[in-house]
Protein chains: 2
Amino acid sequence: MSISMSDSKKRMVDLDAIDRRLLIELTRDARTSLRRLAEEMNVSPATLHNRMTRMVQEGIIKSFVALLDYSKLGFALTGIIMAKVDGKHLVEFEKEIANADNVIAVYDVVGEYDVVIIAKFRSVEELDSFLKQLLKNPKIERTYTSIVLNVVKEDPRIRIF
Amino acid sequence: MSISMSDSKKRMVDLDAIDRRLLIELTRDARTSLRRLAEEMNVSPATLHNRMTRMVQEGIIKSFVALLDYSKLGFALTGIIMAKVDGKHLVEFEKEIANADNVIAVYDVVGEYDVVIIAKFRSVEELDSFLKQLLKNPKIERTYTSIVLNVVKEDPRIRIF
DNA sequence: CGTGAAACTGTTCACGA
DNA sequence: TCGTGAACAGTTTCACG
């Protein structure tokens, strides 16, 4: 029995100890074997399989992915780009930019700028042409770009429990 | 036969068509079966297994993870925090902050601020105490925080080939 | 890189708590 | 409703050529 909450945009979910443990393990290693995990947890593999399937359906687990070292793949440059966008076209603009190949994050923010974009490039030239493309867009009033000198941490995982 | 490059911090790697295809697929679905993939690609499962192991050893593949929807887990708040840090203590500070539970990214940047931190919280109170903790640190000269109103995109994957 | 075989794993389903 | 155990098909993994 647990309290259901509904005041955030996306509804929260009831997770028991098995779900939580499974989330932690899949977050640590998405290729882990449910069977071995099941033994450790003293439940049946079928149970873990059900839980996993359910959490994928509910959208709690968005996907299973390999995290790559982009600098080893030639993307040595990360840029943080902030843009002030004409309010009427903000959503439209965001959708556009979110689909760009280089972009790993797009955030709507409040303050001096409206959008923060994080993107990865192979070279200064690539970043430069990305920015020029942006500025061509008449919806954009101004941009500010921070060049990232060093990616200290970049990991989509946080401690959830 | 491919050209080897060595002018970036981390060395680049030679990848053939099999490696590249494998990376793309594992990035799409880390739990995909190498056997089925092998059939599609007309190579043996053992080959794909070898390639995968090699790329993990080389650090090209950093890890396999489940991506979660944090807003469904109660982390409705994302903050982008910029900090101006006393230069002598920058590296030390960054290591510290990178280990914090809520932090998904830490970037070294040039400009008005030295560090950009992206972190997720369950509530304004949590964000607030995170910021207060930061400001207690005498190494920090000033901070600027953007509250994220909407996460338009947040996906560690970019198009690599 | 491929083969082949052994070991392991995912997935399903009828049953029972 | 939900977990279980057993069964089978699918998969990984390894030594070797």
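Numbered from 1 within each chain, the chains take letters A, B, ... in sequence-line order. Since this is a predicted model, take the numbers as computed values, not measurements.
- Note on B:L48: nothing from the nucleic acid sits closer than 4.0 angstrom, heavy atoms only.
- Within the 4.0 angstrom heavy-atom criterion, only backbone atoms of the sugar-phosphate kind lie near A:R51; the bases stay farther away.
- Rounded to a whole Å, the CE atom of B:M41 is 14 Å from the C1' atom of C:dG2.
- Using modelled atom types, one side-chain atom of B:R157 and one backbone atom of B:T27 make a donor-acceptor pair closer than 3.5 Å.
- Between the CG atom of B:L34 and the P atom of C:dG10 there is a distance of 13 Å, rounded to whole Å.
- Using bins of under 30°, 30° to 60° and over 60° for the plane-to-plane angle, the ring pair A:F75/A:Y70 lands in the perpendicular bin.
- Phosphate contact (OP1/OP2 of D:dG10, side-chain N/O of B:R36, threshold under 4.0 Å): absent.
- B:H49 has a side-chain polar atom (N or O) that falls below the 4.0 Å cut-off from OP1 or OP2 of D:dT13.
- Taking atom CG of residue B:D29 and atom C1' of nucleotide D:dT11, one finds them 14 Å apart after rounding to whole Å.
- Nearest heavy-atom pair across B:F93 and B:K139 is CB-CD, 4.4 Å.
- Nearest-nucleotide assignment on DNA chain D puts the 5′-proximal partner with A:A46, out of B:T32 and A:A46.
- Checking the phosphate oxygens (OP1, OP2) of C:dT9, a side-chain nitrogen or oxygen of A:S33 falls inside 4.0 Å.
- When heavy atoms are screened at a 4.0 angstrom cut-off, A:S44 is found touching base atoms of the nucleic acid.
- In this structure, the CZ atom of B:R54 is 18 Å from the C1' atom of D:dT13, given to the nearest Å.
- The side chain of B:P45 lies closest to D:dT13, out of D:dT13, C:dC1, D:dT4.
- At a threshold of 4.0 Å, the pair A:D19-A:R54 counts as salt-bridged, since one of the basic side-chain nitrogens sits closer than that to a carboxylate oxygen.
- If you measure from atom CG of B:L26 to atom C1' of D:dT12, you get 14 Å, rounded to the nearest angstrom.
- The base of C:dG10 sits with one of its N or O atoms less than 3.5 Å from a complementary donor or acceptor on the side chain of A:R35.
- The backbone N or O of A:I158 sits nowhere less than 3.5 Å from a side-chain atom of B:K120 that would complete a donor-acceptor pair.
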